[in-house]
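Below is one structure, written out as structure tokens; the observations come after it.
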Protein chains: 2
Amino acid sequence: MTKKPRTRNAGTTVTLADVAREAGVSEITVSRVLRSKGPIAEKTREEVNAAARKVGYVLNRIAGSLATAGSELVGVIIPSLTNIVFPDVLRGLDAALSRRGYRTVLSVTGYQRDLEARLVASLLAWRPTALVVTGLEHDAETMAMLHAAGVTVVEVMDVDGQPVDIAVGVSHTRAGRETAVYLLQRGYRRFGYVGHDIGLDLRARKRHAAFLATLAEGGAQLLGESVAAEASSVAAGRAGLAELLRRHPEVEAVYFSNDDMAIGGMFHCLAEGVAVPGRLAIAGFNGLDLGQQLPQPLTTLRTHRFRMGQLAGEAILARLDGATAESIVDVGFELLPGATA
Amino acid sequence: MTKKPRTRNAGTTVTLADVAREAGVSEITVSRVLRSKGPIAEKTREEVNAAARKVGYVLNRIAGSLATAGSELVGVIIPSLTNIVFPDVLRGLDAALSRRGYRTVLSVTGYQRDLEARLVASLLAWRPTALVVTGLEHDAETMAMLHAAGVTVVEVMDVDGQPVDIAVGVSHTRAGRETAVYLLQRGYRRFGYVGHDIGLDLRARKRHAAFLATLAEGGAQLLGESVAAEASSVAAGRAGLAELLRRHPEVEAVYFSNDDMAIGGMFHCLAEGVAVPGRLAIAGFNGLDLGQQLPQPLTTLRTHRFRMGQLAGEAILARLDGATAESIVDVGFELLPGATA
DNA sequence: TTGAAAGCGCTAACAT
DNA sequence: ATGTTAGCGCTTTCAA
């Protein structure tokens with residue numbers, strides 16, 4: 001028995017060297033074949049592929065990433081998975097990135113802003129190709145890391161502000177304004193607002209602010225608001241509208257912080273026999289399919305979440321290919337007139 | 001000017017060596033401090049932490065993972081992000097794993113079963129601590145990889161079958177059966193079924209099969225089915241019920257493949273003035289909050305998706321700690337009587 | 001409690 | 001078209 005060299009690989013892991021030995025070529029040749037990189041003779045390629053299959057080789061992207069100083073991972077930080085809009089964005093992102101073999105590494109903040117810096121640091125430790133974060137507002141520490149990261153940074157959902165690198169989203173200020181303009185045009189004057197925790201959801205806050213400003217310009221009144229100290233949900237919207245109408249029965253149109261909330265409001269009206277839009281007009285934000293399937297389709301603005309994710313992914317890939325990406329991509333929205341306002 | 005050694009680090013990356021130099025200790029000491037591993041003098045710890053902050057050190061988990069032959073990543077493969085149940089599971093998983101610094105790497109199949117093997121291979125390349133896949137049915141190639149992977153494998157959503165390693169989910173067979181038993185007890189005898197693509201969603205298929213078998217045992221009839229060749233959605237449920245009632249107006253109770261579909265059915269009834277449950281009874285599956293917020297809460301089974309993800313994450317962590325995990329974790333469900341059946 | 005040396009498995013750079 | 005060499009930045013092992 002020969003004395004074994006002091007080695008940590010117990011011999012259980014199949015490596016490039018094993019494939020190389022089997023195929024009778026060098027490691028680097030195997031590496032080239034497996035990555036389709038550089039000129040390879042067709043015969044060699046086949047032999048190497050056969051050898052890899054034979055010995056049961058599994059790529060080791062950890063080792064590869066260390067050698068190339070960068071991983072085919074994209075870090076993603078979103079505030080929530082409960083609200084379907086974020087899975088929608090994630091879907092678009094994964095669709096774009098997975099085609100080139102890039103994978104998303106996920107983190108959820110639960111809207112805790114003080115968590116973001118820790119998550120950014122934690123994701124940067126994986127030497128990702130890019131980081132996708134939500135919104136344009138971040139604390140100073142996070143900002144510093146994003147600027148120093150040396151990777152593509154995409155801020156999704158919002159374009160109202162100055163991006164660190166690239167922003168892909170919609171203008172929530174415009175959204176709030178256009179909803180108000182539409183409702184004013186329809187003749188409503190006595191408004192209410194039903195919202196969710198606006199200290200957490202900064203984009204909802206922007207819509208709210210623009211909505212109110214536009215009402216004021218239009219000479220209309222906001223009679224009252226009902227704002228839940230929690231995340232948006234159908235239940236919160238339903239309870240919120242009930243409360244608002246109790247306090248301000250004279251309200252004739254209600255703007256909800258998003259479609260989930262508005263759908264809750266619709267359920268309240270259906271359950272209590274409040275005629276919509278005859279007695280009360282309702283408007284939301286997002287254009288969820290669900291709202292369009294209600295007995296009366298919801299009046300709302302449709303946002304393109306999948307497209308946002310997809311464009312974010314494409315911007316990341318374009319960077320890799322050396323293209324200079326737009327720094328602000330406004331995906332836009334469309335008014336869905338619906339039948340509730 | 002001294003001749004530079006041929007080195008690939010252009011000097012831009014801050015490494016452990018930089019921190020070590022700054023702190024006046026060796027690299028391994030820095031490594032120990034940063035990982036809180038091994039005995040370290042309090043003074044040393046503070047000096048190292050200060051040095052790390054000063055030079056702006058960012059952990060490199062790629063290098064660390066190569067050295068330790070395993071990453072703090074967990075690969076996750078789900079069929080969809082459109083159906084909220086999968087984000088729910090993901091949320092539970094992330095909640096459990098992120099507390100220990102583990103991150104999830106995501107892949108979505110879009111219910112394309114032939115994609116699964118490629119995604120498993122692609123995720124294994126990141127040398128994850130564990131792999132989380134959906135369901136118990138996989139093609140032969142995927143099965144072979146999962147068995148050979150040498151990592152913890154958790155199959156989520158379903159427990160009706162033999163897991164590769166660990167299964168965390170519910171029995172869809174029991175779910176289908178118990179729904180049928182409940183509806184039979186309520187006195188319904190003329191049934192209909194409205195479903196989505198059952199060739200893709202194998203768990204919906206199990207519920208469907210058990211539901212039909214139980215009806216037969218109970219001497220009831222299935223008068224007709226309407227099955228959309230697409231993923232489940234509110235729109236598909238609404239259209240499906242409309243079609244079913246056209247063909248079989250004598251149906252008195254309809255089982256939907258899930259809550260999304262059932263909610264669509266409810267919307268049809270609301271829009272068309274079909275009395276529920278007087279004229280038609282409706283039952284779903286999942287117990288989404290949305291269904292419980294309808295003017296009449298939906299009759300359904302509540303599943304605990306967040307909990308499933310959380311238990312999957314905890315099983316993975318328990319393995320790391322050397323515990324021997326249960327191989328089948330039945331998370332169970334509860335009947336929500338609601339008011340639609 | 002700390003350190004020196006060796007290696008994890010791969011790829012960039014430089015041959016041939 | 002293929003190979004040799006020298007790292008990538010960290011942690012394990014062994015030693016002090």
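Excluded from the calculations below are hydrogen atoms, water molecules and symmetry mates; all remaining heavy atoms, backbone and side chain alike, are included. Throughout, a chain's letter reflects where its sequence line sits, starting with A, and its residues are numbered from 1.
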Think [X] has a side-chain N or O under 4.0 angstrom from the OP1 or OP2 of [N]?
{"X": "Thr29(A)", "N": "dG3(D)", "result": "yes"}
{"X": "Thr13(A)", "N": "dG9(C)", "result": "yes"}
{"X": "Arg35(A)", "N": "dA12(C)", "result": "yes"}
{"X": "Thr15(B)", "N": "dG9(D)", "result": "no"}
{"X": "Arg32(B)", "N": "dC10(D)", "result": "no"}

Arg61(A) versus Ser71(A), side-chain donor and acceptor atoms under 3.5 Å: no
Between Ser31(B) and Arg35(B), does any side-chain donor sit less than 3.5 Å from a side-chain acceptor?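 Short answer, yes.
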Mind checking Ile40(B) for me? I need base, sugar-phosphate or nothing, with any heavy atom below 4.0 Å counting as a touch. sugar-phosphate
Taking the side chain as every heavy atom from C-beta outward, state whether Arg319(B) and Ile166(B) have any atom pair closer than 4.5 Å. yes
Could you state the atom-to-atom distance from [atom1] of [X] to [atom2] of [N] in whole Å?
{"X": "Arg21(B)", "N": "dG9(D)", "atom1": "CZ", "atom2": "C1'", "answer": "13 Å"}
{"X": "Leu66(A)", "N": "dA12(C)", "atom1": "CG", "atom2": "P", "answer": "12 Å"}
{"X": "Lys37(A)", "N": "dT11(C)", "atom1": "NZ", "atom2": "P", "answer": "9 Å"}
{"X": "Asp18(B)", "N": "dG9(D)", "atom1": "CG", "atom2": "P", "answer": "9 Å"}
{"X": "Leu34(B)", "N": "dG9(D)", "atom1": "CG", "atom2": "P", "answer": "16 Å"}
{"X": "Ile28(B)", "N": "dC8(C)", "atom1": "CD1", "atom2": "P", "answer": "16 Å"}
{"X": "Glu27(B)", "N": "dA6(C)", "atom1": "CD", "atom2": "P", "answer": "15 Å"}
{"X": "Lys43(A)", "N": "dA1(D)", "atom1": "NZ", "atom2": "P", "answer": "14 Å"}

Please pick, from dG9(C), dA4(C), dT12(D), the nucleotide with the shortest atom-to-atom distance to any side-chain atom of Thr68(B). dT12(D)
Return the nearest nucleotide to the side chain of Ala67(B); candidates are dT11(C), dA12(C), dT11(D). dT11(D)
side-chain hydrogen bond (donor to acceptor under 3.5 Å, both in side chains), that's the test. Do Arg127(B) and Ser65(B) meet it? Break it down for me. CA-CA 8 Å; Arg127(B) 295 297 186 267; Ser65(B) 297; over 6 Å; no
For DNA chain C, whose closest nucleotide is more 5', that of Thr44(B) or that of Ala69(B)?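 Looking at the nearest nucleotide for each, Thr44(B) comes out on the 5' side.
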If you assign each of Arg127(B) and Gly24(B) to its closest nucleotide in DNA chain C, which residue comes earlier from the 5' end?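 Its nearest nucleotide lies further toward 5', so the answer is Gly24(B).
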Could a donor-acceptor pair under 3.5 angstrom be found where the side chain of Arg61(B) meets the base of dG9(D)? no
Quick check against the 3.5 Å criterion: does Ser80(B) have a side-chain atom that pairs as donor or acceptor with the backbone of Thr82(B)?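 The answer is yes, because a donor-acceptor pair under 3.5 Å joins these two groups.
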